[in-house]
Amino acid sequence: MGSGQTNREDTIRLLQECDAGIKMGVEAIGDVLDHVESRELKKMLQECRSRHQRLAKDVEEALQRSGAEGKKPGFAAQVMSRMKTSVKLSAEDTDRTVAGLMTDGANMGVKSLHRYLNAYRNAEKDVREIAQRLASLEERLARELQPFL
């Protein structure tokens, strides 16, 4: 297969990784919202969660078109994320801690998405664009969190 041709398997795998990443991000935001004191930070996180949920619909539609199912975030990754969040917030329940945790998660998401974009180079163009939009959302979140660090 030439490098310019799309590959159904690459398309599905990239979609599934986006699906898992969005689910993990939405869940992480939900995990920290009750700990946020700043009205501005809470609003920003809620808006970010809404943007992720809208993108999730695009991913779900693309998965349906391809006849594939979504992917749940890895159990170990979810447990480790929750444990880290719980430990950090129990030690120091501040907006700075929340912003730091969310920044780490956003940066990890960007790194993973670019790794998947490189691994699944033959995914369909519209699916690659979805992954790039998700990476942009994560980059935006990291930037918007900077004043709270």
Side-chain angles (χ1 to χ4, degrees), residues 1-36 41-89 95-149:
M1 177 182 300
S3 63
Q5 294 180 318
T6 60
N7 176 300
R8 184 175 188 277
E9 189 173 312
D10 277 9
T11 298
I12 291 170
R13 288 191 180 193
L14 184 55
L15 278 169
Q16 289 173 329
E17 294 301 345
C18 288
D19 188 49
I22 291 170
K23 287 175 182 169
M24 194 157 179
V26 167
E27 190 173 302
I29 292 170
D31 288 346
V32 300
L33 274 176
D34 287 342
H35 300 275
V36 174
L41 178 57
K42 186 171 276 202
K43 182 176 186 247
M44 189 261 299
L45 289 171
Q46 289 168 332
E47 288 171 357
C48 178
R49 182 173 59 181
S50 293
R51 288 189 296 267
H52 277 70
Q53 290 167 330
R54 284 191 299 274
L55 188 55
K57 289 182 176 143
D58 292 345
V59 171
E60 289 170 25
E61 289 171 8
L63 281 165
Q64 287 175 352
R65 282 193 307 272
S66 69
E69 292 190 14
K71 179 180 177 183
K72 293 181 179 172
F75 180 72
Q78 281 184 302
V79 169
M80 292 303 292
S81 175
R82 278 215 173 106
M83 283 176 49
K84 180 180 177 183
T85 300
S86 295
V87 168
K88 287 217 177 217
L89 289 175
D95 288 352
R96 182 177 299 141
T97 302
V98 169
L101 287 166
M102 296 307 298
T103 299
D104 290 347
N107 289 332
M108 192 167 46
V110 170
K111 180 180 170 183
S112 295
L113 284 161
H114 286 285
R115 187 173 49 238
Y116 297 134
L117 281 162
N118 290 333
Y120 306 124
R121 289 185 187 276
N122 295 321
E124 293 174 8
K125 183 181 179 197
D126 63 326
V127 171
R128 291 183 60 78
E129 287 172 358
I130 288 172
Q132 289 165 341
R133 284 176 26 217
L134 180 55
S136 293
L137 282 179
E138 296 298 312
E139 290 167 349
R140 177 179 176 180
L141 174 60
R143 277 192 315 274
E144 289 179 345
L145 287 166
Q146 289 175 356
F148 299 98
L149 293 173

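No hydrogens, no waters, no symmetry mates; every other heavy atom, side chains included, goes into these values.
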Intermediate values then yes/no, salt bridge (Lys or Arg N to Asp or Glu O under 4.0 Å), E27 and K23: CA-CA 6 Å; E27 190 173 302; K23 287 175 182 169; over 6 Å; no
Check against side chain to side chain contact (heavy atoms under 4.5 Å, CB included), T103 and Q146: CA-CA 8 Å; T103 299; Q146 289 175 356; over 6 Å; no
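One finds a salt bridge joining R13 and E9 here, because a Lys/Arg side-chain nitrogen approaches an Asp/Glu carboxylate oxygen to under 4.0 Å. E47 and K43 are joined by a salt bridge, as a carboxylate oxygen and a charged side-chain nitrogen come within less than 4.0 angstrom of each other. Taking a cutoff of 4.0 Å between a charged side-chain nitrogen and a carboxylate oxygen, R54 and D58 do not qualify as a salt bridge.
The minimum heavy-atom distance between A135 and H114, with the atom names listed, is CB-NE2, 4.1 Å. The minimum heavy-atom distance linking L14 with Y116 is given by the pair CD1-CB, 3.8 Å. Residues D10 and A119 share a closest heavy-atom pair of OD2-O, 4.3 Å. When every heavy atom of G70 is checked against every heavy atom of D19, the shortest pair comes out as CA-OD2, 3.1 Å. Here the closest non-hydrogen pair linking L145 and A99 is CD1-O, 3.8 Å.
The distance from atom CG of L137 to atom CG of L141, rounded to the nearest 0.5 Å, is 8.5 Å. Between I12 atom CD1 and Y120 atom OH the span is 11.5 Å, to the nearest 0.5 Å. With rounding to the nearest 0.5 Å, the separation of CD in E60 from CD in Q53 is 10.0 Å. Here H35 contributes atom NE2 and L101 contributes atom CG; the two are 10.0 Å apart, rounded to the nearest 0.5 Å. Between R140 atom CZ and R133 atom CZ the span is 13.0 Å, to the nearest 0.5 Å. Taking CD1 of I22 as the reference point, atom NZ of K57 lies at 11.5 Å (rounded to 0.5 Å).
Looking at heavy atoms from C-beta onward, R49 lies in side-chain contact with Q46 at the 4.5 angstrom threshold. Proximity of L113 to E17: side-chain heavy atoms (C-beta onward) are nowhere separated by under 4.5 Å. Residues L45 and V98 meet the side-chain proximity criterion, which asks for heavy atoms closer than 4.5 Å. In this structure, the side chains of L134 and H52 come closer than 4.5 Å at one or more pairs of heavy atoms. Using a 4.5 Å cut-off on side-chain heavy atoms (C-beta onward), L63 and E69 make no contact. Side-chain contact between K125 and R128 is absent, with no heavy atoms from C-beta onward closer than 4.5 Å. Taking the side chain as every heavy atom from C-beta outward, L15 and T11 approach each other to under 4.5 Å. In this structure, the side chains of M102 and L41 stay at 4.5 Å or more apart for every pair of heavy atoms.
Residues forming a side chain to side chain contact (heavy atoms under 4.5 Å, CB included) with R115 (at least two apart in sequence, or on another chain): K111, S112.
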